[in-house]
K.L.:
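Here it is: the structure, laid out below.
Source: prediction; values computed, not measured. These numbers come from the heavy atoms of this one structure, side chains and all, not from hydrogens, waters or symmetry mates. In each ligand, atom 1 is the first atom listed, and ligand 1 is the first ligand listed.
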Amino acid sequence: MLNQLLLYCRSGFENECAAEAMAKAEAVGLAGFVKAKPRQGWVLLNLYQQDGALPLQQQPFNQWIFARQWVACLPLLNQLPVTDRITPIVDAVKQLPLCGTVQIETPDTNEGKSVQSLTRKISAPLIQALKKAGCLTNKENSQKPTLHVFFISGTSVLVGISPANNHSPWTMGIPRLRLPKQAPSRATLKLEEAWHTFIPKPQWDQQLAPEMTAVDLGAAPGGWTWQLVRRGIKVYAVDNGPMAEDIMATGLVEHVRADGFTYQPKQAVDWLVCDIVDKPARVTAMVSRWLTQGWCKATIFNLKLPMKQRWQAVVQAKAALMDALQQANLSYQIQIRQLYHDREEVTVYIGP
Ligand SMILES: C[S@@+](CC[C@H](N)C(=O)[O-])C[C@H]1O[C@@H](n2cnc3c(N)ncnc32)[C@H](O)[C@@H]1O
């Protein structure tokens, strides 16, 4: 019944998400094929095994790179009657386990946006009907699966589930972050989203604590530095370009005009962050040096992907990082994710 795994992704990255889905299926010994159309913002992994999506969802979701959300789903509900979409949706959902919450979603594309007035309208009556049919708990329950109702169009819907505590907690897999007025650049949201993605909120006070130190490579004009300073962290901002004046006035930032690839800290720091636009191989070699030399305890950095073979580039970068850590006998966790605020790039976290 749940033979399909629906994956949401950034529009334009369907091939990468498809390649990733096939690799994940193969890794757990499942065979199947992917249906992915360019720029639709989602792909569908079809597995030959009965309920094949479920063993995949027992693996950690945080190890996926290009998927923003995963949904083990039922066959497509097509040609829904425009006079009553709710009844066939509820009838389908009755086949699924009891869910603790529901997310009513669309692809993150212009077509998806055009369905959002419908999803807004249908949301309250659909939830009420799902509760009445016993498909949803009356009170939100985060220990039960999340139900996803994914409107591809006004008449085509995929319904399915994602497991409690092993999925993206955000609707459409997109955190809603507001650009802080004082931040020097929009890039600030990338680091904030990275923290929300990689560091569980209860650990923020410990992992992003005042009095910590950080090096920000490619820091100008200072969006990432601004996030660190906001947490009370002292920052060495390495860039030949100018830093925003406000941020320098905090007294927590030292601007170092130097090349980020050859810069060495005088003392080890807690965090290395890096947003330099350069070849992934050059960035991973530099970060590996920082970790193996013990110059930082944790790192968040971006890998830019202007090339054609983006999936292969990310796989190679991850392998190179794991290799370097293994050779140095270091046991860190690595997570890589294409964040919502990332464009042609992915963000890497390596930490305890
Ligand atoms: C995408 S911007 C960084 C934006 C920054 N993270 C923010 O939030 O405002 C990239 C920066 O990397 C700097 N850069 C490029 N090559 C560099 C290098 N080899 N060393 C240090 N900085 C470099 C550029 O001057 C530019 O300011």
K.L.:
Looking only at distances, can you tell me whether any N or O atom of Gly260, backbone or side chain, sits closer than 3.5 Å to an N or O atom of ligand 1?
P.N.:
yes
K.L.:
Under 3.5 Å, N or O to N or O, is Trp224 touching ligand 1 that way?
P.N.:
yes
K.L.:
Taking side chain as C-beta onward, heavy atoms only, is Arg337 less than 4.5 Å from Phe198?
P.N.:
yes
K.L.:
Can you find a heavy atom in the side chain of Trp224 that is under 4.5 Å from one in the side chain of Lys190?
P.N.:
yes
K.L.:
Quick check on contacts: which atoms of ligand 1 are under 4.0 angstrom from a heavy atom of Ser185?
P.N.:
7 (C), 8 (O), 9 (O)
K.L.:
Which option wins on minimum heavy-atom distance to atom 11 (C) of ligand 1: Val277, Val273, Ile276, Asp239?
P.N.:
Asp239
K.L.:
Is any side-chain heavy atom of Leu158 less than 4.5 Å from a side-chain heavy atom of Val71?
P.N.:
no
K.L.:
Kindly confirm or rule out an N or O of Phe261 lying under 3.5 angstrom from an N or O of ligand 1.
P.N.:
no
K.L.:
Nearest protein heavy atom to atom 4 (C) of ligand 1, by residue and atom, and its distance?
P.N.:
Ala220 O, 3.3 Å
K.L.:
Counting from 1, what ligand 1 atoms have a heavy atom of Asp259 closer than 4.0 Å?
P.N.:
18 (C), 19 (N), 20 (N)
K.L.:
If the plane angle is over 60° it's perpendicular, under 30° parallel, otherwise tilted; pick one for Phe150 and Tyr8.
P.N.:
parallel
K.L.:
Atoms of ligand 1 less than 4.0 Å from Gly223 heavy atoms?
P.N.:
7 (C), 8 (O), 9 (O)
K.L.:
Please list the nearest protein heavy atom to atom 6 (N) of ligand 1 with its residue and the distance rounded to 0.1 Å.
P.N.:
Asp275 OD2, 2.9 Å
K.L.:
How about Tyr263 and Tyr236: are their ring centres within less than 6.0 Å of each other?
P.N.:
no
K.L.:
Out of Pro184, Gly218, Ala183, whose heavy atom is nearest to atom 22 (N) of ligand 1?
P.N.:
Gly218
K.L.:
May I ask you to test the Cys73-His148 pair for a side-chain heavy-atom distance under 4.5 Å?
P.N.:
no
K.L.:
In terms of atom number and element, which parts of ligand 1 are under 4.0 angstrom from non-hydrogen atoms of Pro221?
P.N.:
9 (O)
K.L.:
Would you call the rings of Phe13 and Phe66 parallel, tilted or perpendicular, taking 30° and 60° as the class edges?
P.N.:
parallel
